[in-house]
Amino acid sequence: MTRSIDILPYEPAIIPAAKYNRNICIRRKVISPGNLKQTGGASMVHKKSAYTISREDFDAVIFDLDGVVTDTASVHADAWKKMFDEFLSQYAACNNKPFQPFDIDADYRLYVDGKPRFDGVRSFLRSRGVNLPEGQPDDLPGTESIHGLGKLKNEYFLKHIGDHGAEVYDSTIDFIHSLKKQGCKTAIISSSRNCAMILDSTNLSSLFDVRVDGLDSEVLGIKGKPAPDIFLEAARQLKAKPERAVVIEDAISGVQAGKAGKFRLVVGVARTGDKESLLENGADVVVEDLSEIGVRNDIEVIHGLPSALDSIDDIANQARGKRIAVFLDYDGTLTPIVETPDKAIMAEDMREAVIKLSNNCTVGIISGRDLKDVQEKVEIDSFVYAGSHGFDIAGPEGLNIKSQAGAEFLPVLDKAEKELSEKLRSIEGVFVERKKFAIAIHYRLVTPEKAELVDEIVDKVASVYPELRKAYGKKIFELQPDIDWHKGKALLTLLKALKLDGDDVLPFYIGDDVTDEDAFWTLKGSGIGIVVWDEPYETAASYSLKNPEEVRKFLLKLIPLGGGHE
Ligand SMILES: O=P(O)(O)OC[C@H]1O[C@H](O[C@H]2O[C@H](CO)[C@@H](O)[C@H](O)[C@H]2O)[C@H](O)[C@@H](O)[C@@H]1O
């Protein structure tokens, strides 16, 4: 079960716990325009383009080969027609019946397209009421059996490819390069047993992270389309969840398979027109060519963001005429990363800096730690806090701010915690930290070999609890409720609750870890994200600081920009 919540940015501010019991399946904004699954919660402004896939919403894209990547669907169709017409005319003559040729428009698309070779033979013959024996894998091409006819069709197909080669759709290749640039994983699937040969002959083999083809399907015992199995196997190998993956298909059986696999987005490719049948059979959107699908440039590869300390004049300009509000991560931002969580104590001069800043503007802490834990560590009553990566929010006394996302997951978290503790007990150095809404598995003190074992055990336990998702941090794995909630959403909730969501406020978020990226994304265009790092990586932040000491110095520089409390 995967859940997500329909909480829109800035709306509503404080969400009653009951709201989280709803099971709403649509997640963040996926693509435009409006004829597609529209979702709530995205904080990004989408550029107007025909259809846009964003890395924020998708981890992987799975491509069918024939007709999507290579112009081989028509070669297959012609080979099927040649083989079936020869057979049908003989069959008609022998049985004293009129010869009704194979129709590419109707028969190919309905009975053969996208299916494994021998399924295609069976399916079409059944539609004509013809019964042939299965035959043997070593039947000669043209033998009157399922195997014999399938092999003849393949001979015709290979002959064409041998004589003319295979054409590639350049727009698809450009699209794949754009996806890869954004960090999307890609897979190629095909019911065809010739998939590897076609990819090799067109130099496309290295373009895909994973390939699952007709030969693999036989070995793995995978059912053919319209069963979703081949797509699910590709997603499994890519380690991508179907709800965060796209299927791109040109065959009716293919879009049916994408739909049956509950993939987040099924794109139909109808190069020659018939869009309707793809839409009716499960495509969410149908295009004539993949150049109609855009890829949003979510991830800017930034090597060396400007230092926030050096850019204070620029930041002051952005804050001119506004109040500021500052939200801070704890570990790695207010304290250096240390061996164990209990040793991460905020230094006195850092405490002084944040208190001074809070005299002039709102300060909040949004931490991966348990709410109570981070409140006790920071110990400043006037702050607002969000713990468990934003799942658990509390304001200072009198402000009545309280929000908990994922309360219904507590029993599952209890069970998973128990199982993890038991399974990890024997591994030296592992520490299981239970937060109210998450379980962190620390492996900082574990040997590298054993760390792999920890990873495997966490994966195993995670696979038993599909309600939980695995997340990553600095030398930790985490299991959290698999709902559409994160530090960015907690930040929006706090801004709204504190009436800091207007244009007259410039919010800041400073953090050092992967989970802080959600908050950086959330503030893009409306606030300032600052990453704390010792070396550059891909980030949605706009400025950088090197360590908690630089954070302290920067916070002191922010004090005069505060603008006071309302
Ligand atoms: O969001 P944060 O406030 O940065 O919290 C993230 C995690 O911080 C803690 O773990 C990290 O810091 C520890 C102490 O320096 C370090 O030993 C560990 O390796 C780091 O991952 C905390 O224990 C976790 O619960 C937080 O999720």
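Start at 1 and go down the list; that is how both ligands and their atoms are numbered. The basis for the numbers below is simple: all heavy atoms, side chains too, and nothing from hydrogens, waters or symmetry mates.
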Within the 4.0 Å heavy-atom shell around Glu478, which atoms of ligand 1 are there? 27 (O)
If you count the atoms of ligand 1 from 1 in the order shown, which ones are under 4.0 Å from a heavy atom of Pro341? 14 (C), 23 (O)
Quick one: look up the protein heavy atom nearest atom 2 (P) of ligand 1 and list residue, atom name and how far away it is. Asp329 OD1, 2.6 Å
Can you tell me the protein heavy atom closest to atom 10 (O) of ligand 1 and the distance? His442 CE1, 3.6 Å
Looking at Glu352 and Lys356, is there a salt bridge between them, counting it only when a charged N and a carboxylate O are closer than 4.0 Å? no
Would you check if Leu506 and Arg323 make a side-chain contact, meaning some heavy-atom pair closer than 4.5 Å? no
Taking the basic N atoms (NZ, or NE/NH1/NH2) and the acidic carboxylate oxygens, is any pair closer than 4.0 Å for Lys423 and Glu419? yes
Do the side chains of Lys489 and Asp484 get close enough for a salt bridge, i.e. N-O under 4.0 angstrom? yes
Would you call Asp331 and Lys474 a salt bridge, using N to O less than 4.0 angstrom? no
Tell me the nearest of Thr340, Val338, Val374 to atom 17 (O) of ligand 1, using heavy-atom distances. Val338
Ligand 1-proximal atoms of Ile476, by part, heavy-atom distance under 4.0 Å: side chain
Per-atom contacts of ligand 1 with His389, taking only distances under 4.0 Å to non-hydrogen atoms: 27 (O)
Hey, which atoms in ligand 1 end up nearer than 4.0 Å to a heavy atom of Glu339? 17 (O)
Numbered in order shown, the ligand 1 atoms found under 4.0 Å of a heavy atom of Ile337 are 12 (O), 15 (O)
Flag the pair Glu233 and Arg236 as a salt bridge only when some basic side-chain nitrogen lies within less than 4.0 angstrom of an acidic carboxylate oxygen. yes
Report yes if some N/O of Asp513 lies less than 3.5 Å from some N/O of ligand 1; otherwise report no. no
If you scan protein heavy atoms around atom 19 (O) of ligand 1, the nearest is Arg444 NE, 2.7 Å
When you check the gap from the basic side-chain N to the acidic O, do Lys546 and Asp534 get nearer than 4.0 Å? no
Contact check, Lys487 vs ligand 1, heavy-atom distance below 4.0 Å: yes
Counting only nitrogen or oxygen atoms and a 3.5 angstrom limit, does Gly368 reach ligand 1? yes
Do Asp513 and Lys487 sit within salt-bridge range, that is, some charged N less than 4.0 Å from a carboxylate O? no
For atom 12 (O) of ligand 1, the protein heavy atom that lies nearest, with its residue and separation: Asp331 OD1, 3.4 Å
Pull out every atom of ligand 1 sitting under 4.0 Å from any heavy atom of Lys435, numbered as shown with elements. 24 (C), 25 (O), 26 (C), 27 (O)
N/O separation below 3.5 Å, Ser367 to ligand 1: yes
Note the single closest protein heavy atom to atom 23 (O) of ligand 1, along with its residue, its atom name and the distance in Å. Glu433 OE1, 2.8 Å
Enumerate, atom names and distances included, each donor-acceptor pair closer than 3.5 Å involving a side-chain atom of residues 441-448, sequence neighbours excluded.
residue : atom : partner : partner atom : Å
His442  : NE2  : Glu433  : OE1          : 2.7
Thr447  : OG1  : Lys450  : N            : 3.4

Taking 4.0 angstrom as the limit, do Lys436 and Asp392 come out as a salt bridge? no
Please say whether Tyr330 places an N or O atom under 3.5 Å from an N or O atom belonging to ligand 1. yes
Closest to atom 21 (O) of ligand 1 among protein heavy atoms sits Lys474 O, 2.5 Å
Just distance, no hydrogens or angles: give the donor-acceptor pairs under 3.5 Å from side chains in residues 551-561, sequence neighbours left out.
residue : atom : partner : partner atom : Å
Arg552  : NE   : Asp349  : OD2          : 3.4
Arg552  : NE   : Glu549  : OE1          : 3.1
Arg552  : NH2  : Glu549  : OE2          : 3.0

Can Arg264 be said to sit on top of Phe58's aromatic six-ring, NZ or CZ under 6.0 Å from centre and within 45° of the ring axis? yes
